[in-house]
Amino acid sequence: MAEAPRLDVPGAVTAPGASAPSHTDAPFTPGPRPPAAAPGATDRPAARGADAATGPATTPDRASGGRARAGVRVVPAWLWGVPPVVVLALVFLYPLALVVQQSLTPENGGGAFDAYASVFASHGFREALGTTVWLAVGATVGCLVLGFALALVIAFVPFPGAKGVAKFIDVFLSFPSFLITLALLFIYGTVGMANGVWSDLTGAADGPFRFLATPWGVLLAEITYFTPFVMRPLLAAFSQLDTAQLEVASSLGARPARIVRRVILPEALPALAAGGSLVLVMCLNEFGIVLFTGAKDVTTLPMLVYGKAILESDYSAACVVAVVNIAISVGLFGLYRVVSKRAGA
């Protein structure tokens, strides 16, 4: 009977009577099988070669979020700034240019700077400029002193509700200025609560509180409204102050006034400068407080613009005063930006 061929290795057949290779005596251990090719898959090097032959390779573009783009031109970055500049020019710069143009073209004819010469020579403009400056400076000084004292109490004197008061400062910043003035009118106005209590106690027909319609009343209203604008950067600066310095100074026997003067105040100077600069700019342009107090004898630059344009219909003079007010405000705002940048606010 013929001997059947023996299969030792897949694909290798041993004839009958022939000696098999020595490695066939060892047990066969199959190795890892190569992964099967997916249906329709092609060789990647060949595909790359085909792509290279047909056209340029497609690479991801970082500016488009990693999406592949082929043959698409990238938009220059400066073009994205054109729409905001156009909107800003139409909404703000164009009206401002009209104001400047109106100030240089008097309605009654004359030279380009005749309106400026006429306004600068008037007593009303000089008085309004002086009133605006001294009110702004006085309100800024008052806000700095009051804001520093209140911020010290909130930051370093523990009392219940200190965090709530600090958060209320942020909410207070969103209040309109006329709302604070209206509240002061309810308290210190001619028919306010203080005069009503005085009349009830003394039987007098009128109360003694009549200062709200004077420059001092305007100053009080501005200090009341703008003090939180100084307190906010001060509280932020105090929160970053190293309390170890205060503890060391206290352990060495320094009194609270000395600690404030030698330790706290130097750290608070940048925040005071930033907050004071901002208050000064805002006081120069304040209109609602002066209007709502009813102080007829107090004329500031914004009130002069209102009077010239609305009451006298002298638009050239109103535009001249507006240009002067804008120039002062922009200069002080530039100072504020420099100070706040150095302060890190």
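Please read all numbers here as calculations on a predicted model, not as lab measurements. The figures here come from the full heavy-atom set of this structure, side chains too, leaving out hydrogens, waters and symmetry mates.
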Point-to-point distance, once rounded to the nearest 0.5 Å, from [atom1] of [X] to [atom2] of [Y]:
{"X": "Met303", "Y": "Leu311", "atom1": "CE", "atom2": "CG", "answer": "8.0 Å"}
{"X": "Leu235", "Y": "Gln240", "atom1": "CG", "atom2": "CD", "answer": "12.0 Å"}
{"X": "Thr105", "Y": "Asp114", "atom1": "OG1", "atom2": "CG", "answer": "11.5 Å"}
{"X": "Thr140", "Y": "Leu272", "atom1": "OG1", "atom2": "CG", "answer": "12.0 Å"}

Look at atom [atom1] of [X] and say whether more than 12 heavy atoms of other residues, nucleotides or ligands are closer to it than 6.0 Å.
{"X": "Tyr94", "atom1": "OH", "answer": "no"}
{"X": "Asp200", "atom1": "CG", "answer": "yes"}
{"X": "Phe148", "atom1": "CZ", "answer": "yes"}
{"X": "Arg262", "atom1": "CZ", "answer": "no"}
{"X": "Trp134", "atom1": "CH2", "answer": "yes"}

Between [X] and [Y], what is the shortest heavy-atom contact and its length?
{"X": "Ile289", "Y": "Ala221", "result": "CG2-CB, 3.6 Å"}
{"X": "Phe156", "Y": "Ile264", "result": "CE1-CD1, 3.9 Å"}
{"X": "Ala309", "Y": "Tyr315", "result": "O-CE2, 3.7 Å"}
{"X": "Trp80", "Y": "Pro83", "result": "O-CD, 3.5 Å"}
{"X": "Gly124", "Y": "Leu304", "result": "O-CD2, 4.4 Å"}

Check whether Leu88 and Phe333 end up in the same hydrophobic cluster, where Ile, Leu, Val, Met, Phe, Trp and Tyr are linked by side-chain heavy atoms less than 4.5 Å apart.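 As far as the 4.5 Å side-chain criterion goes, Phe333 and Leu88 are not connected within one cluster.
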Geometric class of the [Y]/[X] ring pair [parallel <30°, tilted 30-60°, perpendicular >60°]:
{"X": "Phe175", "Y": "Phe168", "answer": "perpendicular"}
{"X": "Phe211", "Y": "Phe209", "answer": "perpendicular"}
{"X": "Phe125", "Y": "Phe120", "answer": "tilted"}

With heavy-atom distances below 4.5 Å as the criterion, would you say the side chains of [X] and [Y] are in contact?
{"X": "Ser177", "Y": "Glu286", "value": "yes"}
{"X": "Tyr225", "Y": "Thr181", "value": "no"}
{"X": "Leu135", "Y": "Thr300", "value": "yes"}
{"X": "Asp170", "Y": "Arg232", "value": "yes"}
{"X": "Phe229", "Y": "Cys143", "value": "no"}
{"X": "Leu234", "Y": "Leu152", "value": "no"}
{"X": "Phe287", "Y": "Val305", "value": "no"}

Using atom types as modelled and distance alone, determine if a side-chain donor or acceptor of [X] lies under 3.5 Å from a backbone N or O of [Y].
{"X": "Ser174", "Y": "Val171", "value": "yes"}
{"X": "Thr132", "Y": "Leu301", "value": "yes"}
{"X": "Asn195", "Y": "Gly189", "value": "yes"}
{"X": "Ser239", "Y": "Ala236", "value": "yes"}

Evaluation steps, side chain to side chain contact (heavy atoms under 4.5 Å, CB included), between Thr131 and Val298: CA-CA 7 Å; Thr131 303; Val298 179; 4.0 Å; yes
Check Leu278, Leu280, Leu284 against Met282 for a side chain to side chain contact (heavy atoms under 4.5 Å, CB included) and give me the one that passes. Leu278
Verdict with reasoning, Leu96 to Phe92, per side chain to side chain contact (heavy atoms under 4.5 Å, CB included): CA-CA 6 Å; Leu96 181 61; Phe92 177 74; 4.1 Å; yes
How far apart are the C-alpha atoms of Thr293 and Leu185, what are their side-chain angles, what is the distance that settles it, and do they pass the side chain to side chain contact (heavy atoms under 4.5 Å, CB included) test? CA-CA 7 Å; Thr293 54; Leu185 284 174; 5.6 Å; no
